[in-house]
Amino acid sequence: MRRSINADFEDRLARIDRIHAAGGAFEASGALGRAYFDSHRPKERRRFPWRAVAMLLLGMLLFKGAILAQVGPETYARRVEVLRQGSALEQAGAWVLQADAPTRFIAAQLRALLF
């Protein structure tokens, strides 16, 4: 059974729409089309993700502050001291987790909000 001309035409239009949605286009042979100019466009340099680093550091401060608010300063200091007595990796963790001024401030704010 032969498909109608209209159905073939609709299939072709759907195929063209898929190609265009994927960023493709039809180019005449011998012409300088999109593919030529895309290949000669200077590549965009990747920038350092400062925003991601800042969000990571902020998340770490909030995490430390939440733990300090939950367990209290004495227990927190004891646990950090236990880490300080361990291996080199544990000592690095103790250095990162020490209760600095921003951590104590965040903990005080969280304690006031939650407890």
Side-chain angles (χ1 to χ4, degrees):
M1 181 169 169
R2 177 127 164 76
R3 290 176 46 135
S4 70
I5 293 174
N6 193 27
D8 290 338
F9 180 70
E10 293 294 329
D11 288 346
R12 182 166 187 261
L13 286 180
R15 184 176 57 85
I16 290 170
D17 286 340
R18 281 193 309 273
I19 291 170
H20 282 218
F26 294 104
E27 299 174 358
S29 62
L32 296 179
R34 180 177 178 170
Y36 173 81
F37 291 106
D38 284 348
S39 67
H40 286 81
R41 181 177 299 142
K43 303 291 185 221
E44 185 175 326
R45 290 184 54 191
R46 286 191 172 186
R47 293 187 170 84
F48 189 77
W50 289 109
R51 184 175 297 162
V53 170
M55 295 301 286
L56 181 69
L57 292 175
L58 180 64
M60 287 173 48
L61 278 174
L62 287 172
F63 180 72
K64 285 172 37 176
I67 292 174
L68 182 59
Q70 180 68 33
V71 300
E74 296 84 17
T75 305
Y76 189 86
R78 257 194 328 268
R79 291 180 182 181
V80 170
E81 189 57 39
V82 169
L83 282 176
R84 201 170 277 128
Q85 305 304 321
S87 68
L89 184 62
E90 290 172 332
Q91 290 173 7
W95 182 79
V96 169
L97 291 173
Q98 65 188 349
D100 48 11
T103 304
R104 288 190 299 271
F105 175 77
I106 291 170
Q109 300 305 313
L110 288 174
R111 225 179 287 122
L113 285 173
L114 300 175
F115 302 112

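Residues satisfying the side chain to side chain contact (heavy atoms under 4.5 Å, CB included) test with A7, not counting sequence neighbours, are R3, S4. In this structure, the side chain to side chain contact (heavy atoms under 4.5 Å, CB included) partners of E81, at least two apart in sequence or on a different chain, are R84, Q85. Under the side chain to side chain contact (heavy atoms under 4.5 Å, CB included) criterion, L56 pairs with M60, not counting sequence neighbours. Checked against salt bridge (charged side-chain N to carboxylate O under 4.0 Å, His left out), R51 has no partners two or more places apart in sequence or in another chain. When the side-chain hydrogen bond (donor to acceptor under 3.5 Å, both in side chains) test is applied to R18, no partner is found at least two apart in sequence or on another chain. By the side chain to side chain contact (heavy atoms under 4.5 Å, CB included) test, A77 is found to be paired with no residue, residues two or more places apart in sequence or in another chain being considered.
Hydrophobic clustering, with ILVMFWY side chains joined whenever heavy atoms are under 4.5 angstrom apart, keeps W95 apart from L89.
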For this session: Go through R15 and D11 one step at a time and tell me if the side chain to side chain contact (heavy atoms under 4.5 Å, CB included) criterion holds.
Result: CA-CA 6 Å; R15 184 176 57 85; D11 288 346; over 6 Å; no
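Among all heavy-atom pairs drawn from L61 and P102, the shortest one is CD2-CB, 4.1 Å. The two residues A69 and A107 come nearest to each other via the heavy atoms CB-O, 3.6 Å.
Through side-chain heavy atoms spaced under 4.5 Å, either directly or across other Ile, Leu, Val, Met, Phe, Trp or Tyr residues, L13 is tied to F9. L68 shares a hydrophobic cluster with F63, I67, V71, Y76, V80, L83, L97; the chain of contacts runs through ILVMFWY side chains whose heavy atoms sit under 4.5 Å apart.
Applying the salt bridge (Lys or Arg N to Asp or Glu O under 4.0 Å) test to pairs two or more places apart or on separate chains, none has a residue in residues 68-77. Pairs passing the salt bridge (Lys or Arg N to Asp or Glu O under 4.0 Å) check and including a residue from residues 100-115, sequence neighbours excluded, read K64-D100.
How far OG1 of T103 is from CG of L110: 11.0 Å, rounded to the nearest 0.5 Å.
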